[in-house]
Amino acid sequence: MLGGRSLGVKWRNPLIPPQKMRNEMGKSHQRGWVVLRGKKWYGYYRRAVLDPTKNEHRVETVPVILGQKSQLTKFQARERLEHEIAKQNGQNPGGRVMNDGGVTFGWFVRNRFLVLKVANWKPETAKVKKMLIQKDLIDSFDHIPLENFDRFTLQVYLNKLAKTRSKDRVLQMRAYVRDIFAEAVEQDFLVKDPARKVSVPSQLRDTDKTTLTWEQLRNALSHLALRDRILLELDMTNALRPSELFALRWKCLDQVESKMYVFETAYKGAIRRWGKTKKSLGPMHLPKQLADDLWLWKQECPDSSPEAFIFPDTKGGFMDTGNYRRRVLHKLAKDLELPKLTFQVIRRTIATLAQKKGTVKDVQGLLRHSRAATTTDVYMQEIPESVQATVNAINAELRVKLEESHAD
């Protein structure tokens, strides 16, 4: 049930048809009418709406639960109904005709919400976001009228979603739910936003925080042939995203200056002239030994022309991230009994271990994040030994004078 209404069925009157109510309780009033049924007062008023699917106007009767008979006289019930009508009219200034809140959630998202959003999304991003919205929201609420939603139903749904989806996915869906209903209010499909106070579920699944040690990283590199060893060493050294790594061409390598230039990225079978963030593209420093090894690989690779990919697939194109992860990384993790080995784990590991190699701003620059908060809050994990050493150092400072007095 949604606020006393059944999902998928537009709710007009839970107890008795409006016409019969008017016959029972007297004539209709211009500003609505009230009726007593059982122990509650109900109010009704007419509202003009526009059906956007047909571009037609119609008048609908809007029901309002006013309160308990024991708490309200008929006069007070009428006053409350007038207040409700005034409140709704106040949010619809100028006497404009409201859009029909009876249109379905799926129709609104597909025809009004996404049409506005996709203009600001990159094509690949739009495909992913539309797929997630379809799977997590539209599939569940497709045929339910917008006016049937309330905060309780949306909160219960997000709480249920939190049991099967990752923390990031749930937070993303909460943001979409709030955006969708805020847009419905903005476009006059609803007067009140049912998602405005929907909160983050208290029980969220833990996000993956797997990191490896320097020894595990070194061991992984030592078990690889030349090409894969250089590929992963480059990835580890510069904390590259796989979309950046597999798009590298020989023209990107500056052997003399020990630099690698990221000009483009590879994502879902296409080469893009942009990266994930503004800092994704640009020059990267290469340690001299790594630059020399890349030069050695250039002498052995099938095609070393400027436009050729440094790490090509068997057909000379760029590698597929998923294929490489399954074929090389997962196998390596199994052979070496590592807890997990993916490009994301490598990137998180480097961000974590680099805490002792440079400042937060240095690590942010290494990962090419636009915001330091992303580096510290998402990628950097605490190192237990480092925390222990910090605690010992703090206590040592506190005990300096105590130890001096004991020495005296």
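Here the structure is a predicted model, which is why all the values come from computation and not from measurement.
A donor-acceptor pair is defined here as one N or O able to donate and one able to accept, closer than 3.5 Å; such a pair exists between the side chain of D208 and the backbone of T210. Proximity of a side-chain donor or acceptor of R178 to a complementary backbone N or O of R196 within less than 3.5 Å is detected. Distance alone, capped at 3.5 Å, is enough to place a donor-acceptor pair between the D362 side chain and the T359 backbone. The closest donor-acceptor contact from the side chain of E300 to the backbone of W297 lies at 3.5 Å or more, if one exists at all. At least one donor-acceptor pair under 3.5 Å links the side chain of S222 to the backbone N or O of N219. Q355 places a side-chain N or O within donor-acceptor distance of the main-chain N or O of Q381, the cut-off being under 3.5 Å. Using modelled atom types, one side-chain atom of R174 and one backbone atom of V198 make a donor-acceptor pair closer than 3.5 Å. Between the side chain of W41 and the backbone N or O of Q76, no donor-acceptor pair lies under 3.5 Å.
Between E147 and L190 the shortest side-chain heavy-atom distance falls below 4.5 Å. Looking at heavy atoms from C-beta onward, R110 lies in side-chain contact with D142 at the 4.5 angstrom threshold. Contact of the M260 side chain with the N238 side chain is not registered, since no non-hydrogen atoms from C-beta on lie closer than 4.5 Å. Side-chain contact between I350 and L217 is present, with heavy atoms from C-beta onward closer than 4.5 Å. Two residues are said to be in side-chain contact when any heavy atoms from C-beta on lie closer than 4.5 Å; V328 and L224 meet this criterion. In this structure the side chain of T153 never reaches within 4.5 angstrom of the side chain of N148, judged on heavy atoms. Annotation: side chain of D335 is not in contact with side chain of H223 (no heavy-atom distance under 4.5 Å). The shortest distance between side-chain heavy atoms of K69 and K40 does not fall below 4.5 Å.
Using a 3.5 Å distance cut-off with no hydrogens or angles, the side chains of R272 and T265 do pair a donor with an acceptor. Side-chain N/O atoms of Y267 and K276 include no donor and acceptor closer than 3.5 Å. A side-chain donor from one of Q155 and S199 sits under 3.5 Å from a side-chain acceptor of the other.
Residue S305 comes nearest to W250 through the heavy atom pair O-CB, 3.6 Å, listed as atom of the first residue, atom of the second, then distance. The two residues A247 and E264 come nearest to each other via the heavy atoms CB-O, 3.5 Å. Of all heavy-atom pairs between E233 and L221, the closest is N-CD2, 3.7 Å. Shown here for F181 and P194, the closest heavy-atom pair between the two residues is CD2-CG, 3.6 Å. Across L66 and A77, no two heavy atoms sit closer than the pair CD1-O, 3.4 Å. Across every non-hydrogen atom of T349 and T211, the tightest pair is OG1-CA, 3.3 Å.
From F309, atom CZ reaches atom NZ of K251 across 9.0 Å, with rounding to the nearest 0.5 Å. Here the straight-line distance linking atom CG of L132 with atom CG of L137 works out to 9.5 Å at 0.5 Å rounding. Here the straight-line distance linking atom CE of M131 with atom CG of D136 works out to 8.5 Å at 0.5 Å rounding. In this structure, CG on D303 lies 10.5 Å from NZ on K298, to the nearest 0.5 angstrom. The distance from atom CG of D193 to atom CD of E186, rounded to the nearest 0.5 Å, is 11.0 Å. Distance CG/D179 to CD1/I133: 9.0 Å, rounded to 0.5 Å.
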* CA sep, side-chain torsions, deciding dist, call: R112, E183, side-chain contact (heavy atoms from CB on, under 4.5 Å) -> CA-CA 9 Å; R112 293 300 183 91; E183 190 61 42; 5.9 Å; no
* Start with the C-alpha gap between K334 and K331, add the side-chain angles, then the distance that decides, and say whether side-chain contact (heavy atoms from CB on, under 4.5 Å) holds. => CA-CA 5 Å; K334 182 178 180 180; K331 182 178 182 303; 5.7 Å; no
* Kindly indicate, with the supporting measurements, whether the criterion side-chain contact (heavy atoms from CB on, under 4.5 Å) is fulfilled by N392 and Q388. => CA-CA 6 Å; N392 289 338; Q388 182 178 335; 4.0 Å; yes
* Does the side-chain contact (heavy atoms from CB on, under 4.5 Å) test come out yes or no for I271 and R249, once each step is laid out? -> CA-CA 12 Å; I271 291 293; R249 305 176 191 263; 4.2 Å; yes
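Environment of CZ in R327: crowded, with over 12 heavy atoms of neighbouring residues, nucleotides or ligands closer than 6.0 Å. At most 12 non-hydrogen atoms from other residues, nucleotides or ligands lie less than 6.0 angstrom from NZ of K160. More than 12 heavy atoms of other residues, nucleotides or ligands shown are found within 6.0 angstrom of CD on Q299.
Below 30°, between 30° and 60°, or above 60°: for F108 and F189 the angle between ring planes is above 60°, a perpendicular geometry. Ring geometry for F105 versus F149: interplanar angle of 30 to 60°, hence tilted.
At least one test fails for R37 against the ring of Y42: distance under 6.0 Å to the centre or angle within 45° of the axis.
Evaluated for a side-chain hydrogen bond (donor to acceptor under 3.5 Å, both in side chains) with S280, the options R368, H369, R241 yield exactly one hit, R241.
Qualifying ring-ring contact (aromatic ring centres under 6.0 Å, His included) partners for F246, counting only residues two or more places apart in sequence or in other chains: Y324, F343.
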Just distance, no hydrogens or angles: give the donor-acceptor pairs under 3.5 Å from side chains in residues 281-294, sequence neighbours left out.
{"unit_1": "K288", "atom_1": "NZ", "unit_2": "D292", "atom_2": "OD2", "d": "3.0"}
{"unit_1": "D292", "atom_1": "OD1", "unit_2": "Q255", "atom_2": "NE2", "d": "3.1"}
{"unit_1": "D293", "atom_1": "OD2", "unit_2": "R229", "atom_2": "NH1", "d": "3.1"}
{"unit_1": "D293", "atom_1": "OD2", "unit_2": "R229", "atom_2": "NH2", "d": "3.4"}

